[in-house]
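Keep in mind that what you see is a predicted model, and the values were worked out from it rather than measured.
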Amino acid sequence: MLIWTPPCPLILSHPQTNLGSTAWTNLTWTRSSTCPPPRSSVDRSRPFRCGRSSGAWRFEEFLQRKWSSEKRFGLEGCEVLIPALKTIIDKSSENGVDYVIMGMPHRGRLNVLANVIRKELEQIFCQFDSKLEAADEGSGDVKYHLGMYHRRINRVTDRNITLSLVANPSHLEAADPVVMGKTKAEQFYCGDTEGKKVMSILLHGDAAFAGQGIVYETFHLSDLPSYTTHGTVHVVVNNQIGFTTDPRMARSSPYPTDVARVVNAPIFHVNADDPEAVMYVCKVAAEWRSTFHKDVVVDLVCYRRNGHNEMDEPMFTQPLMYKQIRKQKPVLQKYAEVLVSQGVVNQPEYEEEISKYDKICEEAFTRSKDEKILHIKHWLDSPWPGFFTLDGQPRSMTCPSTGLTEDILTHIGNVASSVPVENFTIHGGLSRILKTRGELVKNRTVDWALAEYMAFGSLLKEGIHIRLSGQDVERGTFSHRHHVLHDQNVDKRTCIPMNHLWPNQAPYTVCNSSLSEYGVLGFELGFAMASPNALVLWEAQFGDFHNTAQCIIDQFICPGQAKWVRQNGIVLLLPHGMEGMGPEHSSARPERFLQMCNDDPDVLPDLKEANFDINQLYDCNWVVVNCSTPGNFFHVLRRQILLPFRKPLIIFTPKSLLRHPEARSSFDEMLPGTHFQRVIPEDGPAAQNPENVKRLLFCTGKVYYDLTRERKARDMAEQVAITRIEQLSPFPFDLLLQEVQKYPSAELAWCQEEHKNQGYYDYVKPRLRTTINRAKPVWYAGRDPAAAPATGNKKTHLTELQRLLDTAFDLDAFKKFS
């Protein structure tokens with residue numbers, strides 16, 4: 001393959017059908033093959049003045065000279081990206097934007113940090129020093145994944161501008177929806193309903209832009225009412241190769257940018273070796289976004305001077321292409337020669353500009369040698385001013401009671417069971433649901449939907465914005481929530497009672513998402529990044545559907561704080577339960593989340609430590625719970641905000657328990673002084689005479705109700721105690737030790753409805769054994785190992801359930817293993 005650049009400086013792919021936008025384009029774009037010349041020599045010299053192209057080129061040269069054997073994923077071949085980005089930012093600033101949120105892959109990231117975001121060069125250079133230790137806890141990340149947040153004066157417009165570059169993993173394009181979510185949140189919090197103050201810029205590689213499905217998912221969020229950010233400028237570094245793969249093997253479309261046609265975005269293809277054309281196109285793109293608040297794409301057709309990284313040999317796979325590239329002069333050199341020949345600048349001016357930037361780099365390199373330690377927190381992309389102390393620590397290590405007064409509970413319950421808008425006709429079936437809610441409130445009782453309502457409503461009263469997103473969340477997959485009421489006689493007339501609770505409450509956003517998990521979960525994660533004073537929840541339609549968003553979970557949610565010192569309080573609601581619905585609607589795969597928990601199963605923590613439970617939460621990478629009562633669900637949602645720090649919260653939510661007559665909680669469990677119960681101990685006859693208990697069963701979630709029903713049928717309430725572990729991670733060592741000590745003669749067994757190689761057993765067993773100093777075995781009562789999460793045959797499902805219940809209550813079941 002030979003390198004290709006457009007025969008003319010730029011080409012417009014413009015599928016827009018909107019008459020207004022087409023007319024605007026025709027006025028602005030008089031000819032698609034050329035662009036109007038800049039009006040002054042000052043404009044013509046700008047691409048390499050003030051550290052634009054000159055800084056971009058010399059920065060890469062400097063890194064190559066100092067660290068020739070280090071991977072840095074340099075920008076050589078597309079140095080024009082730096083003046084391109086600066087032009088977009090300048091024009092957007094001129095049009096009123098004061099906050100730009102950016103996402104990009106590894107290629108050119110250090111250059112963007114240095115010359116666009118203006119990260120201190122010595123902080124970048126010290127990242128190359130292998131001798132420096134990290135000052136912050138966690139793993140950290142490689143330098144070309146780190147983010148940054150910086151507020152400065154834009155030199156062109158003389159206006160303040162805030163720039164945030166979001167940290168990202170190696171998984172290309174995964175940060176796209178995260179950037180969009182953060183942008184949406186920043187727009188929301190500053191009341192920017194039209195995207196005039198806050199905008200996003202996304203950078204892409206050509207192979208990833210065409211190949212990664214998340215690009216398509218993100219584009220389809222761009223114009224949805226609850227997800228639009230009112231236009232993103234996409235810049236594609238089209239170096240015409242993906243690692244070692246030619247475009248003819250990497251995509252079926254003519255251009256890598258053709259995916260943008262799905263939202264009718266204008267696409268500008270421009271020769272990256274023509275800086276004037278690039279800057280002109282970037283001005284037009286910024287103007288487009290400012291005028292129409294729609295997405296626009298700039299395709300920088302360029303090349304990659306080195307291999308995929310600086311240690312890679314591209315001649316193995318693209319010999320002819322790289323013979324051509326070796327002959328190419330760098331864009332700055334070519335452009336400078338043109339300007340010098342035309343008298344726009346002279347040779348001494350050019351050389352002075354180069355030496356000036358080289359001197360800046362050398363001085364920063366000297367200062368970097370004084371650095372003794374690496375601070376990951378200096379690379380934070382989303383600071384939360386005022387939430388932590390100045391040194392980034394929680395302001396306390398306590399959590400107040402999550403209970404509420406009865407007046408508040410009753411008020412929320414009454415609104416939840418009514419229609420707070422006049423002349424609004426609801427469905428007859430919904431009238432019955434609201435009537436049932438009202439009766440529950442009168443009886444001082446809550447079911448699952450009402451407990452959620454009370455948690456949300458109370459936080460809104462306290463000024464906490466709540467955003468619930470996911471497929472069909474407005475009604476709820478199982479028709480239990482009904483947070484958006486629809487007038488049966490007036491099209492599109494809706495009512496959200498949650499927004500009618502209090503005079504000065506925070507707003508409640510509940511929005512059905514597109515049929516996407518990867519894109520939407522990434523979006524909500526980005527939204528939760530913006531502020532700690534919001535409860536952001538994503539609900540899967542069924543729990544196992546989260547696996548199509550596994551990249552967001554594995555690369556962002558689970559290790560985000562360890563890699564980037566970035567806390568996040570996002571909540572995942574994952575419907576889970578083995579109820580005969582088949583392999584794809586049963587398991588939320590709890591074993592996957594538990595396997596990624598960062599606690600040590602073989603080490604018993606100091607149980608006498610002050611605020612042991614809060615310290616555990618602070619040290620964990622995320623919190624995993626499976627509540628068996630609505631009251632505990634209420635408490636864990638409120639605790640998520642009342643904690644003095646933020647951790648992701650994974651909740652395995654019920655399906656059949658939503659309407660189970662025993663899955664109810666009294667107001668008494670939710671009053672002031674009450675808290676989330678990490679463990680719910682046995683409170684029946686077995687607890688009255690613990691010395692007579694033969695077996696202590698541990699379980700979590702819905703299976704508790706199967707166990708209590710079976711125990712009652714067998715009349716074994718005095719022989720078998722059942723303890724519920726509501727918080728699986730961090731593991732409640734302290735409370736479970738008390739439970740084991742309470743029943744000295746009981747053998748211990750873990751009971752679950754999931755298969756043995758799935759669920760919680762492999763996580764719980766070693767920790768229980770550590771709790772009791774391995775004094776007793778921990779037996780297993782549950783389904784046998786299996787490849788699929790559940791059977792699709794109802795009879796088989798019931799047979800398996802009865803078999804595990806038989807094992808749980810057969811007091812001789814484990815004697816043959818003793």
Side-chain angles (χ1 to χ4, degrees), residues 443-448 577 626-633 635 654 656-657 660-671 673-728 732-753 760-761 764-765 768 771-772 775-782 801-815 818:
N443 294 326
R444 303 180 67 254
T445 304
V446 297
D447 61 5
W448 224 271
N626 188 352
C627 301
S628 63
T629 70
N632 230 17
F633 180 56
H635 283 296
S656 62
L657 294 191
H660 196 293
E662 294 178 25
R664 301 283 188 271
S665 294
S666 166
F667 278 14
D668 294 333
E669 300 170 43
M670 304 159 68
L671 294 176
T674 56
H675 295 264
F676 173 72
Q677 294 179 272
R678 292 177 292 144
V679 170
I680 300 181
E682 171 66 55
D683 61 355
Q688 310 306 316
N689 298 288
E691 64 280 355
N692 296 330
V693 172
K694 304 299 183 185
R695 179 172 294 171
L696 173 57
L697 290 176
F698 295 100
C699 68
T700 188
K702 179 188 77 69
V703 74
Y704 167 76
Y705 293 93
D706 296 319
L707 290 171
T708 54
R709 184 188 71 245
E710 188 71 13
R711 182 175 64 175
K712 182 178 180 181
R714 294 173 181 250
D715 194 21
M716 299 180 71
E718 294 185 356
Q719 296 171 282
V720 178
I722 304 174
T723 293
R724 287 169 273 176
I725 303 179
E726 303 281 292
Q727 178 178 290
L728 293 141
F733 291 97
D734 54 334
L735 300 181
L736 292 177
L737 180 60
Q738 295 174 19
E739 286 298 289
V740 173
Q741 292 173 341
K742 187 190 300 183
Y743 304 100
S745 303
E747 60 182 3
L748 310 180
W750 171 259
C751 184
Q752 66 178 37
E753 58 181 353
Y760 321 89
Y761 178 61
V764 170
K765 180 181 176 179
L768 265 179
T771 302
I772 60 175
K776 293 181 178 181
V778 176
W779 303 111
Y780 171 77
L801 174 61
Q802 190 57 52
R803 188 182 301 134
L804 75 86
L805 293 174
D806 290 342
T807 303
F809 291 100
D810 179 0
L811 298 182
D812 296 325
F814 307 121
K815 287 185 177 179
S818 300

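- In this structure, the side chains of Glu718 and Val693 stay at 4.5 Å or more apart for every pair of heavy atoms.
- Nearest heavy-atom pair across Pro630 and Ala663 is CG-O, 3.3 Å.
- Arg664 is not listed as a side-chain neighbour of Thr629, based on a closest heavy-atom distance of 4.5 Å or more.
- With salt bridges taken as basic N to acidic carboxylate O contacts below 4.0 Å, none links Lys815 and Glu747.
- Proximity of the aromatic rings of Trp750 and Phe698 is defined here by a centroid distance below 6.0 angstrom, and this criterion is not met.
- When all heavy atoms are compared, the tightest approach of Gly631 to Met670 is CA-CG, 4.3 Å.
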Subject >> Test log, rule side-chain contact (heavy atoms from CB on, under 4.5 Å), inputs Asp734 and Arg678 >> reply: CA-CA 10 Å; Asp734 54 334; Arg678 292 177 292 144; 2.9 Å; yes
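- For Arg724 (side chain) and Gly701 (main-chain N/O), no donor-acceptor pair under 3.5 Å exists by modelled atom type.
- Separation of atoms CZ (Phe633) and CG (Leu657) is listed at 12.0 Å; rounding is to 0.5 Å.
- In plain terms, the two heavy atoms of Glu753 and Gly577 that are nearest each other are OE2-CA, 3.7 Å.
- For Gly673 against His675, the heavy-atom pair with the smallest separation is O-CD2, 3.3 Å.
- Annotation: the span from Asn443 atom CG to Ser666 atom OG amounts to 10.0 Å, rounded to 0.5 Å.
- The side-chain heavy atoms of Cys751 and Phe809, taken from C-beta on, include no pair separated by under 4.5 Å.
- Distance alone, capped at 3.5 Å, places no donor-acceptor pair between the Thr807 side chain and the Leu805 backbone.
- In Lys776, the NZ atom is crowded: over 12 heavy atoms of neighbouring residues, nucleotides or ligands sit closer than 6.0 Å.
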Subject >> side-chain hydrogen bond (donor to acceptor under 3.5 Å, both in side chains) between Thr674 and Glu669, intermediate numbers included >> reply: CA-CA 6 Å; Thr674 56; Glu669 300 170 43; over 6 Å; no
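- To the nearest 0.5 Å, atoms CZ (Arg444) and CZ (Phe667) are separated by 7.0 Å.
- Rounding to the nearest 0.5 angstrom, the gap separating the CG atom in Asn632 from the CD atom in Gln727 is 9.5 Å.
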**OP:** Please report the C-alpha distance between Leu748 and Leu768 in whole Å, then the side-chain angles of each, then the deciding distance to 0.1 Å, and finally whether the side-chain contact (heavy atoms from CB on, under 4.5 Å) criterion is met.
**Re:** CA-CA 9 Å; Leu748 310 180; Leu768 265 179; 5.7 Å; no
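- For residues 699-724, the ring-ring contact (aromatic ring centres under 6.0 Å, His included) pairs, not counting sequence neighbours, are His660-Tyr705.
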**OP:** Take Gln802 and Asp806 through the side-chain hydrogen bond (donor to acceptor under 3.5 Å, both in side chains) test and state the conclusion after the steps.
**Re:** CA-CA 6 Å; Gln802 190 57 52; Asp806 290 342; 2.9 Å; yes
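- By the 6.0 Å contact criterion, CG on Asn689 is enclosed, its count of non-hydrogen atoms from other residues, nucleotides or ligands being greater than 12.
- Contact annotation: the side chain of Glu726 approaches that of Ile680 to within less than 4.5 Å [non-hydrogen atoms, C-beta and beyond].
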Subject >> Residue pair Gln738, Leu735: steps toward the side-chain contact (heavy atoms from CB on, under 4.5 Å) verdict >> reply: CA-CA 5 Å; Gln738 295 174 19; Leu735 300 181; 4.2 Å; yes
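- Within the model, atoms NZ of Lys765 and OH of Tyr780 stand 11.5 Å from one another, a figure rounded to the nearest 0.5 Å.
- Under the 4.5 Å side-chain criterion, counting only non-hydrogen atoms from C-beta, Cys699 is not in contact with Ile725.
- The residues Arg695 and Asp810 are annotated as not salt-bridged, no charged nitrogen and carboxylate oxygen being separated by less than 4.0 angstrom.
- Using a 4.5 Å heavy-atom cutoff, the side chains of Val679 and Leu736 are in contact.
- Taken to the nearest 0.5 Å, the CH2 atom of Trp779 stands 15.0 Å off from the CG atom of Leu696.
- Thr771 places none of its side-chain heavy atoms less than 4.5 Å from the side chain of Val740.
- With respect to Arg709 and Asp706, a salt bridge is recorded, a charged nitrogen being found less than 4.0 Å from a carboxylate O.
- The two residues Ser628 and Trp448 come nearest to each other via the heavy atoms C-CH2, 3.8 Å.
- When side chains are defined from C-beta on, Ser745 does not count as touching Lys694, because their heavy atoms never get closer than 4.5 Å.
- Here the shortest heavy-atom pairing between Ile722 and Glu682 reads N-OE1, 2.9 Å.
- Side-chain atoms of Glu739 and Thr723 form a donor-acceptor pair, as typed in the model, at a separation below 3.5 Å.
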